[in-house]
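Read the structure below first, then the notes.
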Amino acid sequence: MSLLDCENAFQTNNLQLLAEQYNINMADADILQAKIWELPQLSGYINAYNPEDKRAFNVSKAKGAEVTQLIYMGGKKKNEIAFAKSNKELAQLQFSQLLVELKTQLHTTYYNLYYEQLKLDNTNKQLGYMNDLLSAYKVQSAKGNVSLKDEVRLQSIVIQLNNDKIGINKNILEFEQNLKVLTGVTEDIEPQLSESEAKEVLAAQPFGDEAELKRKAVENNADYLYNLKLIDNSKLYSQWQKSLNVPDLNVGAQWDQNSGTFRNEVNLMVGIPLPLWKSNQGNIEKANYAIKQNQKNAEYQKLNLETKVQSAYKTWKGQYDQLAEIKTTDLNNLELVYNGMLKNFRNGNVSLIEFTDFMESYRQTALQIYDMKNEIIQSAEQLNQLVQTKIFY
């Protein structure tokens, strides 16, 4: 699968992403709930005992009914709805941040798997030759034509290569498992990335200097924007709590058959709590402290984000410059010398000690070069995750 194929599968199948989406749906439901008013109240009464006629449940002469409706005052509903809408914006930012984090995991895992498979191919190539060579030396050692010391020297390189292979295969299994979880694809995924495409990814550089990247991160990083939005959210919550101190009205109508001043009397009812004290003062103070807390958290998040961008940029720059010092001709020369050493050793022009020393050096260098390339891409992905807008061109 190409990286684009993996991204498409990820957006369709990733269970974490699908689960997080429901938080936005639940926030929509909270907005709907905030818009709903209290139901009207209907109550009534009938006579239980008539002392004049000494009759119980004399319904025909004494009954009444009333209906009341709570009327919100002080903009309570407006503030509650605004707070619910702000919560939805927070849920959307949380979803955006999770999307970025999981997408970064997808990219880093994909490239990790790609370079581990290249390391495995290279290690298998060396193992194929060294195993054949060791088999031949074992035959000659048994005949007494070569020393046991030479056989052991070759055996140590084969053991090191096999140990490398075990570690690489372990990493491949881990990365394959992670890709399955991220994409929802149950089969093993093999990265479909050509050498030229990998070179393009490695050659890409961020647009803008360190200061520009910090500015873009502050404008686009969903985690930081979430902390900024929390300030607005806590202000809306405080405003809502303040409005709860405003007394609400209970308005209604009452019908009374016989116990009022008039028969079949209809009355208008109005009720309001007496605001002798502020019944919601504690929640208001708590909300005001939350505003101050979120302001400090936002300041910390900004400083933390800018510091991370600075560190990630310097890490990427250092690794990029380090790899740039290794020219393509140097890499070609390494393969050329490797093939030349194999040929000259077969022809008897190179001693076993020289050959094994070179093979050990080549084994380490080949793995290190793959790791260097992978680390550059990993650093670039970390920078992408922080800035959260297109910066590599």
Side-chain angles (χ1 to χ4, degrees), residues 1-14 16-18 20-21 24 89-115 175 178-179 182-184 189 191-229 298 301-324 372-393:
M1 293 176 69
S2 68
L3 184 56
L4 182 59
D5 293 334
C6 289
E7 285 182 359
N8 291 334
F10 158 74
Q11 292 180 351
T12 304
N13 304 324
N14 186 272
Q16 276 184 278
L17 209 59
L18 294 173
E20 186 69 22
Q21 179 70 46
I24 300 176
E89 292 174 354
L90 289 175
Q92 289 171 326
L93 286 170
Q94 283 182 312
F95 178 82
S96 298
Q97 181 63 18
L98 179 65
L99 176 62
V100 169
E101 290 174 357
L102 291 177
K103 199 170 182 180
T104 301
Q105 287 182 31
L106 177 71
H107 284 206
T108 55
T109 305
Y110 185 88
Y111 288 117
N112 276 331
L113 180 57
Y114 171 73
Y115 281 107
F175 297 141
N178 290 342
L179 273 184
L182 287 165
T183 61
I189 296 173
Q192 188 181 25
L193 188 68
S194 67
E195 187 177 349
S196 60
E197 288 173 331
K199 286 181 178 179
E200 288 179 7
V201 174
L202 285 169
Q205 298 189 50
F207 179 78
D209 57 12
E210 186 181 307
E212 178 71 8
L213 293 175
K214 287 181 181 179
R215 184 186 66 79
K216 288 183 177 180
V218 169
E219 290 177 356
N220 297 284
N221 185 277
D223 196 30
Y224 173 64
L225 294 179
Y226 176 86
N227 280 274
L228 283 183
K229 179 57 66 176
Q301 289 295 335
K302 183 178 181 182
L303 177 61
N304 189 43
L305 176 61
E306 290 176 338
T307 303
K308 284 183 176 180
V309 170
Q310 181 184 43
S311 177
Y313 177 75
K314 287 182 177 179
T315 301
W316 170 86
K317 182 67 174 170
Q319 292 171 338
Y320 184 88
D321 292 342
Q322 185 179 12
L323 184 63
M372 284 175 64
K373 291 179 177 180
N374 187 27
E375 285 168 2
I376 290 174
I377 295 179
Q378 301 296 319
S379 297
E381 289 296 337
Q382 183 184 5
L383 200 53
N384 274 327
Q385 180 182 357
L386 292 169
V387 180
Q388 295 184 14
T389 188
K390 185 172 174 60
I391 57 173
F392 280 89
Y393 296 88

If you measure from [atom1] on [X] to [atom2] on [Y], what distance do you get to the nearest 0.5 Å?
{"X": "Leu106", "Y": "Glu101", "atom1": "CG", "atom2": "CD", "value": "14.0 Å"}
{"X": "Asn221", "Y": "Thr389", "atom1": "CG", "atom2": "OG1", "value": "11.5 Å"}
{"X": "Leu228", "Y": "Gln301", "atom1": "CG", "atom2": "CD", "value": "9.5 Å"}
{"X": "Leu225", "Y": "Leu90", "atom1": "CG", "atom2": "CG", "value": "11.0 Å"}
{"X": "Lys103", "Y": "Leu3", "atom1": "NZ", "atom2": "CG", "value": "8.5 Å"}
{"X": "Leu323", "Y": "Met372", "atom1": "CG", "atom2": "CE", "value": "5.0 Å"}

State, to 0.1 Å, how close [X] and [Y] come at their nearest heavy-atom pair, and which atoms those are.
{"X": "Val309", "Y": "Leu386", "answer": "N-CD1, 3.8 Å"}
{"X": "Ala204", "Y": "Phe392", "answer": "O-CD2, 3.6 Å"}
{"X": "Leu182", "Y": "Phe10", "answer": "O-CD1, 3.4 Å"}

If you define the side chain from C-beta out and look only at heavy atoms, does anything of [X] sit under 4.5 Å from [Y]?
{"X": "Ile391", "Y": "Leu383", "answer": "yes"}
{"X": "Leu4", "Y": "Glu7", "answer": "yes"}
{"X": "Gln388", "Y": "Gln97", "answer": "yes"}
{"X": "Phe207", "Y": "Leu213", "answer": "no"}
{"X": "Asn14", "Y": "Leu18", "answer": "no"}
{"X": "Tyr111", "Y": "Val201", "answer": "yes"}
{"X": "Leu305", "Y": "Lys302", "answer": "no"}
{"X": "Leu193", "Y": "Ser2", "answer": "no"}

Does one side chain, of [X] or [Y], offer a donor that lies under 3.5 Å from an acceptor on the other?
{"X": "Asn112", "Y": "Thr109", "answer": "no"}
{"X": "Gln378", "Y": "Asn374", "answer": "yes"}
{"X": "Glu306", "Y": "Gln310", "answer": "no"}

Among all residues two or more places apart in sequence or in another chain, which pass the side-chain contact (heavy atoms from CB on, under 4.5 Å) test with [X]?
{"X": "Gln94", "answer": "Glu20, Tyr226"}
{"X": "Glu89", "answer": "Gln92, Lys229"}
{"X": "Leu303", "answer": "Thr307"}

Can you give me every donor-acceptor pair (side chain of residues 311-321, partner residue at least two apart or in another chain, under 3.5 Å) with its distance?
unit_1	atom_1	unit_2	atom_2	d
Thr315	OG1	Ser311	O	2.8
Gln319	OE1	Ser379	OG	2.5
Tyr320	OH	Ala203	O	3.4
Tyr320	OH	Gln205	NE2	3.2

Could you walk me through whether Leu17 and Leu99 satisfy the side chain to side chain contact (heavy atoms under 4.5 Å, CB included) test, starting with their C-alpha distance in whole Å, then the side-chain angles of each, then the deciding distance to 0.1 Å, before giving a yes or no? CA-CA 7 Å; Leu17 209 59; Leu99 176 62; 3.7 Å; yes
Within residues 213-222 or reaching into it, pairs that qualify as salt bridge (Lys or Arg N to Asp or Glu O under 4.0 Å) - sequence neighbours excluded: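 Checked against salt bridge (Lys or Arg N to Asp or Glu O under 4.0 Å) - neighbours excluded - the pairs reaching residues 213-222 are Glu210-Lys214, Glu212-Arg215, Arg215-Glu219.
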Result of checking Asn13, Asp5, Ile189 against Thr183 for side-chain contact (heavy atoms from CB on, under 4.5 Å):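 The option that passes is Ile189.
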Under the salt bridge (charged side-chain N to carboxylate O under 4.0 Å, His left out) rule, collect the residues that match up with Glu200, sequence neighbours excluded.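 Testing Glu200 for salt bridge (charged side-chain N to carboxylate O under 4.0 Å, His left out), a comparison that skips the adjacent residues, returns none.
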Could you tell me whether a side-chain N or O of Lys373 sits under 3.5 Å from a main-chain N or O of Glu375, the two making a donor and an acceptor?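 No, Lys373 side chain to Glu375 backbone: no donor-acceptor pair under 3.5 Å.
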